[in-house]
Amino acid sequence: MRKSHPIRRVVLATAATVSGVVLLLSLKPASDPAAASAAGTAPQQTAPGQQTPQGGQQGGAQAAAGSGTVTGDAAQTQYGTVQVRLTVAGGKITKAEAVQAPKGGLSDQKTQLAVPRLNQEAVAAQSARIDAVSGATYTSTGYKKSLQSALDKVKASSAGSGGSSGTAGSAGSGGSSGSGGSSGAAQARTVTGKVSQTQYGPVQVRITVSGGKVTRAEAVQAPKGGLSDQKTQLAVPRLNQEAVAAGNADIDAVSGATYTSTGYRQSLQSALDQAGG
């Protein structure tokens, strides 16, 4: 009369219990606090990643606001293209050079004569208001056009990066800035070096110094007559330019005008000594 029903019930109950335990174990990792914590850290890692590009953009803006080189638009002339490149530091032109100029035949001579003078004038004037070089009118005109284009680009860059701070400075200290300008003008002075005698004639250099820096150099005396005229016209403009760029007498001699170059450097050093430079 015994039947297996009670045993079967026990077996079925045990099987149900085991299945329930297995099911609970399979569901537990989904609600594991460690898993939830790991899932929560992912969004936090994205914040530093987003800050890095912003830091790079700020660094780029600072670089753009600093010193650099600006090239003006090419100016077409009757004898060729003229294009000027400026080197700017602290809002001031420290170097000017013609990356393009008329070439070939007589144009080579005119370019060698005119461009060094125009470069020097651009640095000294800090504007495109410079005199044309006699005998090179077209080159001079094209140079001034390209120079003005480069200056416009410099102004546009300055206005975009630091114009507001400059305005704030002017508004905050109008009176003091006026006195500062007067003192700056008072510091600018002209010094003439001693005459240096060379085999072909005397050389004497005059420099303009402002804020401890040579802003202009010129030869008030140089060898003259015959072949000396050509050598002087070739050498002196280059020497003037080099003196301003170097700010000292450590400048290269111009090939073919060794005596003039040596005399120039001696007189330049004399002028620098008087200026305290």
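Because the structure is predicted, anything quoted here is derived from the model rather than measured.
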Task: Set of side-chain contact (heavy atoms from CB on, under 4.5 Å) partners for Gln204, sequence neighbours left out - done: Thr192, Val195, Val220, Gln221, Ser267
Task: side-chain contact (heavy atoms from CB on, under 4.5 Å) partners for Gln112, two or more places apart - done: Leu234, Arg238
- [ ] Might you point out which heavy atoms bring Ala128 and Gln148 nearest each other, and give the distance in Å?
- [x] CB-OE1, 3.3 Å
Open item on the list: Just verifying a value: how many Å separate Gln120 CD and Arg216 CZ, rounded to the nearest 0.5 Å?
Closed with: 6.5 Å
TODO: Measure the CG-CG distance between Asp250 and Leu268 for me, rounded to the nearest 0.5 Å.
DONE: 10.5 Å
Task: Lys153: side-chain contact (heavy atoms from CB on, under 4.5 Å) partners, not counting sequence neighbours - done: Val70, Asp73, Ser149
TODO: Could you check Leu86 against Leu147 for side chain to side chain contact (heavy atoms under 4.5 Å, CB included), going step by step and ending with a plain yes or no?
DONE: CA-CA 8 Å; Leu86 300 178; Leu147 172 59; 3.6 Å; yes
Task: OG-CG distance between Ser261 and Asp252, expressed to the nearest 0.5 angstrom - done: 9.0 Å
Task: Lys213 side chain reached by Thr94 side chain, heavy atoms, under 4.5 Å - done: yes
- [ ] Just do the side chain to side chain contact (heavy atoms under 4.5 Å, CB included) check on Arg265 and Ile251 with the steps written out, would you?
- [x] CA-CA 7 Å; Arg265 287 186 290 186; Ile251 57 179; 3.6 Å; yes
Task: By salt bridge (Lys or Arg N to Asp or Glu O under 4.0 Å) - contacts of Glu242 (at least two apart) - done: none
- [ ] State whether the number of non-hydrogen atoms from other residues, nucleotides or ligands found under 6.0 Å of Lys92 atom NZ is greater than 12.
- [x] yes
- [ ] Could you pull out the closest heavy-atom pair between Thr77 and Pro102, with the gap in Å?
- [x] OG1-CG, 4.3 Å
TODO: List for me each residue that meets side-chain contact (heavy atoms from CB on, under 4.5 Å) alongside Ala217, sequence neighbours excluded, and say none if there are none.
DONE: Ile207, Asn240, Ala243, Val244, Tyr264
TODO: For the residue pair Leu118 and Val133, establish whether any side-chain heavy-atom pair is separated by less than 4.5 Å.
DONE: yes
- [ ] For side chain to side chain contact (heavy atoms under 4.5 Å, CB included), just list the numbers for Thr141 and Val82, CA-CA rounded to whole Å, side-chain angles, deciding distance to a tenth of an Å, and then say yes or no.
- [x] CA-CA 9 Å; Thr141 301; Val82 182; over 6 Å; no
- [ ] Looking only at non-hydrogen atoms, find the nearest pair between Gln83 and Ser146 and report the distance.
- [x] CA-OG, 3.4 Å
Task: Nearest heavy atoms of Ala271 and Val191, plus distance in Å - done: O-CG1, 3.5 Å
TODO: Can you see which heavy atom on Thr232 is nearest to which on Ala222, and at what distance?
DONE: CG2-CB, 3.6 Å
- [ ] Verify side chain to side chain contact (heavy atoms under 4.5 Å, CB included) between Asp108 and Lys103, making sure each step is shown before the conclusion.
- [x] CA-CA 5 Å; Asp108 287 337; Lys103 295 181 180 179; 3.7 Å; yes
Open item on the list: Tell me whether Thr81 contacts the main-chain N or O of Ala74 through its side chain, where contact means a donor paired with an acceptor under 3.5 Å.
Closed with: no
TODO: Look up atom OG1 in Thr208 and atom CZ in Arg189, then write down how far apart they are to the nearest 0.5 Å.
DONE: 11.0 Å
Task: Nearest-0.5 Å distance, NZ of residue Lys144 to CG of residue Leu151 - done: 13.0 Å
- [ ] To the nearest 0.5 Å, tell me how far Gln199 CD sits from Thr258 OG1.
- [x] 10.5 Å
- [ ] Please name the pair of heavy atoms, one in Ala96 and one in Val123, separated by the smallest distance, quoted to 0.1 Å.
- [x] N-CG2, 3.8 Å
Open item on the list: Suppose clustering is done on Ile, Leu, Val, Met, Phe, Trp and Tyr with side-chain heavy atoms closer than 4.5 Å. Which residues sit in the same group as Tyr259?
Closed with: Tyr200
Open item on the list: Atom CG of residue position Asn248 - does it have more than 12 heavy atoms of other residues, nucleotides or ligands inside 6.0 Å?
Closed with: yes
